[in-house]
Amino acid sequence: MSKGIISKEEDYSQWYTDLVIKADLAEYSPVRGCMIIKPYGYSIWEKMQAVLDGMFKETGHTNAYFPLLIPKSFFSKEASHVEGFAKECAVVTHYRLKNDEDGNIIVDPEAELEEELIIRPTSETIIWNTYKGWIQSYRDLPILVNQWANVMRWEMRTRLFLRTSEFLWQEGHTAHATAEEAVEETERMLEVYADFAENWLALPVIRGRKTPNERFAGALDTYCIEALMQDGKALQAGTSHFLGQNFAKAFDVKFNTKENKLDYVWATSWGVSTRLVGALIMSHSDDAGLVIPPKLAPIQVIVVPIFKHDEELEAISAYVKTLTQELKAKGISVKFDNRDTHRPGAKFAEWELKGIPVRVAIGSRDMQNGTVELARRDTKTKETVSQQDLATTIERLLEDIQQSIYNKSLAFREENTREVDDYEEFKRLLDEEPGFLSAHWDGTAETEQLIKDETRATIRCIPLNAKQEEGRCIRTGKPSSQRVLFARAY
RNA sequence: CGGGGUGUAGCGUAGCCCGGUAUCGCGCCACAUUUGGGAUGUGGAGGCCGCAGGUUCGAAUCCUGCCACCCCGACCA
């Protein structure tokens with residue numbers, strides 16, 4: 001176990017917080033519910049952004065930017081949307097401060113805004129207000145826009161990365177001529193997220209649809225990817241919404257069809273956030289610190305020299321310089337930790353805490369033998385290998401780590417996904433062996449709510465690949481045609 | 001907003017009942033010895049004891065008010 005980090009077993013949620021702080025990912029800010037993302041944490045987010053952005057471009061999207069502030073009146077236009085977000089909006093009411101008689105800074109009561117402005121909790125309203133001006137004809141469609149932005153939702157209970165009042169995300173907003181095309185887009189982007197989660201985050205996810213209760217405010221259908229964390233709780237890792245014509249109607253966005261008829265535009269929106277950093281931490285890390293999948297690690301290889309004298313360090317440095325060039329030629333990022341202020345053991349612990357996938361330790365003995373000590377973070381194993389073709393050895397090792405982290409997470413999820421047909425057993429499992437529970441549900445919001453009230457478990461999703469199977473609702477015994485996934489969730 | 005708790009050095013804390021300007025550890029700085037898994041020794045710096053009043057010769061300690069944060073619940077990517 002690492003210094004200053006409580007073990008996962010003892011207190012999972014404290015373990016998570018310790019890790020975020022100790023690994024230098026983020027810290028608390030002076031403002032409640034907001035966090036400071038530190039350079040190391042931000043560099044992970046940047047890697048995610050770069051990959052996702054590439055995927056969005058690949059699927060035909062382009063980036064744009066819409067304002068942080070949204071006129072309050074925009075919000076009231078889509079009824080369920082207001083209802084969903086009203087309780088957590090920060091509102092800007094004034095535009096000036098001044099000094100009062102005592103010299104204190106106060107809000108200038110004279111500087112009240114005519115129309116209050118909402119700090120965006122999401123951008124559908126301002127975007128659809130804008131799209132109205134962009135769309136007249138089917139020839140203007142589709143519009144495939146994404147924006148990278150911050151948003152604010154005044155959360156009551158916050159946790160670093162998982163739920164903060166302000167967070168960073170991307171939100172895609174597309175406009176289409178037909179419902180089919182919009183649904184296709186919704187599903188396409190869900191698959192982009194699933195692909196990203198599985199092949200980059202090494203995080204297996206369930207693709208599914210939300211129940212009406214859990215839908216995005218203003219959506220006709222919400223698709224999601226759900227992941228299982230190491231404590232058996234579920235985490236929604238990304239969502240993609242089919243918005244139907246709701247926003248087009250609210251903002252009066254009509255277009256001329258090919259048949260020269262007037263119709264409302266079909267919409268989608270989809271997003272993932274810095275919550276993914278939290279998902280990354282919670283799914284792979286251990287008591288020694290972070291475990292970052294190689295494809296997202298800001299530094300993939302750390303090289304630690306072991307030396308007694310400057311001459312030894314020089315000899316090692318010369319070798320490391322060559323190695324570094326070879327690794328960089330293969331697109332592998334590497335850092336040489338030649339600080340003389342820390343001893344090797346301290347460096348090992350530090351880089352383990354930060355989750356660097358591969359460590360190369362090299363001392364005089366290795367230099368004589370033509371070897372290095374190669375350690376992998378995920379399994380904490382190490383072996384002595386030849387310097388011959390080391391860059392290639394490392395390249396393969398990184399691929400192997402990426403795959404085995406994924407396999408491990410997948411095995412964990414499979415072990416902790418259980419089919420249940422008895423309500424008492426359902427409740428027992430939630431308490432004693434938390435994970436996904438696959439159970440029949442009668443399809444009503446009432447039963448869903450009842451189960452939630454009684455067990456604190458929610459329907460995470462209706463899996464897309466679920467097989468049709470006759471059964472009886474776990475709570476009411478009414479007939480059901482397929483299983484849905486329940487879990488306690490973040 | 002309800003229930004519980006905590007504010008003392010960068011971090012974690014002792015002291016508070018029973019008033020006398022603050023303890024210990026980590027970290028930090030200097031020097032020396034060290035370096036194949038978190039080094040050791042010696043010396044040193046660092047505090048408006050959350051804020052504002054009050055009681056008192058004297059308040060981290062007692063009293064009053066305020067503020068902030070954390071944990072548990074209702075809301076959520």
Side-chain angles (χ1 to χ4, degrees), chain A residues 1-6 11 13-14 17-18 21-22 27-33 83-89 120-122 149-171 193 210 213-217 219 222-227 234-241 269-279 288-289 304-310 312-313 316 337-353 359-369 371-373 375 380 382 384 452-453 456 458 460 489-490:
Chain A
M1 174 160 92
S2 185
K3 275 185 187 170
I5 299 182
I6 198 162
D11 187 343
S13 112
Q14 190 59 44
T17 305
D18 284 351
I21 305 270
K22 295 281 162 42
E27 64 185 46
Y28 291 104
S29 83
V31 183
R32 194 198 75 99
E83 201 186 323
F85 286 105
K87 285 166 290 185
E88 47 187 37
C89 287
R120 63 178 164 220
T122 179
N150 58 341
V151 288
M152 176 159 275
R153 299 180 186 175
W154 212 262
E155 299 291 349
M156 301 194 195
R157 256 169 84 47
T158 59
R159 297 197 58 195
L160 295 168
F161 288 113
L162 294 179
R163 179 171 301 108
T164 45
S165 289
E166 181 188 14
F167 59 92
L168 306 182
W169 77 345
Q170 60 64 219
E171 44 180 327
Y193 289 154
K210 289 291 184 189
N213 259 353
E214 301 275 331
R215 253 179 221 152
F216 174 76
T222 287
Y223 292 68
C224 62
I225 51 172
E226 289 284 329
L235 182 78
Q236 179 175 308
T239 48
S240 181
H241 314 288
S269 69
W270 27 275
V272 295
S273 71
T274 36
R275 166 177 264 198
L276 288 179
V277 177
V304 178
I306 294 158
F307 59 98
K308 290 191 172 73
H309 315 289
D310 283 354
E312 286 178 333
L313 178 60
I316 293 167
D337 185 358
N338 60 357
R339 290 175 296 175
D340 58 5
T341 50
H342 297 256
R343 298 166 91 245
K347 293 179 184 177
F348 292 175
E350 179 181 339
W351 297 114
E352 273 166 13
L353 175 61
R359 181 184 69 231
V360 175
I362 177 166
S364 296
R365 223 154 59 205
D366 289 306
M367 290 303 284
Q368 277 164 20
N369 301 339
T371 57
V372 301
E373 183 192 80
K380 299 263 302 275
K382 50 193 180 185
T384 301
K452 185 178 176 183
D453 293 342
R456 294 190 356 261
T458 49
R460 300 320 303 155
Y490 277 98

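Each chain gets a letter, A, B and so on, in the order its sequence line appears, and its residues count up from 1.
- Residues R460(A) and E214(A) meet the side-chain proximity criterion, which asks for heavy atoms closer than 4.5 Å.
- With sequence neighbours excluded, no residue forms a salt bridge (charged side-chain N to carboxylate O under 4.0 Å, His left out) with D366(A).
- Between Y490(A) and F161(A), a ring centre-to-centre spacing not shorter than 6.0 Å is recorded.
- Positionally, the nearest nucleotide of RNA chain B for R359(A) lies more toward the 5' end than for the other of A237(A) and R359(A).
- As a whole-Å value, the separation of W169(A) CH2 from A77(B) C1' is 7 Å.
- Between C66(B) and G2(B), the two P atoms lie 13 Å apart (nearest whole Å).
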Just the table, please: protein N/O against nucleotides 68-76 of chain B N/O, every pair under 3.5 Å.
{"from": "C72(B)", "atom 1": "OP1", "to": "R157(A)", "atom 2": "NH2", "distance (Å)": "3.4"}
{"from": "C72(B)", "atom 1": "OP2", "to": "R157(A)", "atom 2": "NH1", "distance (Å)": "2.7"}
{"from": "C72(B)", "atom 1": "OP2", "to": "R157(A)", "atom 2": "NH2", "distance (Å)": "2.0"}
{"from": "C76(B)", "atom 1": "O2", "to": "R163(A)", "atom 2": "NE", "distance (Å)": "2.0"}
{"from": "C76(B)", "atom 1": "O2", "to": "R163(A)", "atom 2": "NH2", "distance (Å)": "2.5"}
{"from": "C76(B)", "atom 1": "N3", "to": "R163(A)", "atom 2": "NE", "distance (Å)": "3.2"}
{"from": "C76(B)", "atom 1": "N3", "to": "R163(A)", "atom 2": "NH1", "distance (Å)": "3.4"}
{"from": "C76(B)", "atom 1": "N3", "to": "R163(A)", "atom 2": "NH2", "distance (Å)": "2.6"}

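- With rounding to whole Å, H342(A) atom NE2 is found 11 Å from G27(B) atom P.
- By the salt bridge (charged side-chain N to carboxylate O under 4.0 Å, His left out) test, E350(A) pairs with R339(A), sequence neighbours left out.
- Picking from G37(B), A77(B), A39(B) the nucleotide with the shortest atom distance to the side chain of R343(A) gives A39(B).
- The base of G36(B) is not paired with the side chain of K308(A) by any donor and acceptor separated by under 3.5 Å.
- Summarising the geometry, the separation between CD1 on I362(A) and P on G37(B) is reported as 16 Å, rounded to the nearest angstrom.
- In this structure, the side chain of Y28(A) does not engage the main chain of G33(A) through any donor-acceptor pair within 3.5 Å.
- To the nearest 0.5 Å, atoms OG1 (T384(A)) and CD1 (I362(A)) are separated by 11.5 Å.
- Taking atom C1' in both C28(B) and U21(B), one finds a spacing of 24 Å when rounded to whole Å.
- Proximity of R120(A) to M152(A): side-chain heavy atoms (C-beta onward) are nowhere separated by under 4.5 Å.
- Residue contacts for G363(A): at a heavy-atom cut-off of 4.0 Å it reaches a base atom on one of the strands shown.
- Per the geometry, CZ belonging to F348(A) stands 11 Å off P belonging to A39(B), to the nearest Å.
- Here K380(A) lies out of heavy-atom contact (under 4.0 Å) with every strand.
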Subject >> Strand RNA chain B as a dot-bracket string - pairs counted if Watson-Crick or G-U with both distances under 3.5 Å, | where the partner lies in another strand >> reply: (((((((..(((.......[...))).((((((.....)))))).....(((((..]....))))))))))))....
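- If you take NZ of K347(A) and C1' of A39(B), they are 14 Å apart, rounded to a whole angstrom.
- With C1' as the reference atom, G20(B) and G44(B) are 28 Å apart, rounded to whole Å.
- For the side-chain contact (heavy atoms from CB on, under 4.5 Å) test, residues two or more places apart in sequence or in another chain that qualify with E373(A) are R359(A), A361(A), K382(A).
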Subject >> Candidate pair K380(A) and E352(A), rule side chain to side chain contact (heavy atoms under 4.5 Å, CB included), full reasoning >> reply: CA-CA 9 Å; K380(A) 299 263 302 275; E352(A) 273 166 13; 3.9 Å; yes
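- Across G10(B) and A74(B), the matching P atoms stand 37 Å from one another, rounded to whole Å.
- For D340(A) and U33(B), the CG to P distance is 14 Å, given to the nearest whole Å.
- Spacing of P atoms, C63(B) relative to G73(B), comes out at 32 Å, to the nearest Å.
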Subject >> CA sep, side-chain torsions, deciding dist, call: H342(A), D337(A), side chain to side chain contact (heavy atoms under 4.5 Å, CB included) >> reply: CA-CA 10 Å; H342(A) 297 256; D337(A) 185 358; over 6 Å; no
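- Spacing between G47(B) and U40(B) at atom P, rounded to whole Å, works out to 27 Å.
- Atom name P, nucleotides C62(B) and G15(B): the rounded distance is 12 Å, in whole Å.
- Atom pair R215(A):CZ and A77(B):C1' shows a separation of 17 Å (rounding to whole Å applied).
- One atom, CG of L276(A), and another, P of A77(B), lie 14 Å apart when rounded to the nearest Å.
- In terms of the side-chain contact (heavy atoms from CB on, under 4.5 Å) criterion, residue partners of S273(A) (sequence neighbours excluded) are, by chain and number, F167(A), W169(A), R275(A).
- Residue side chain E352(A) does not reach the base of G38(B) through any donor-acceptor N/O pair under 3.5 Å, judged by distance alone.
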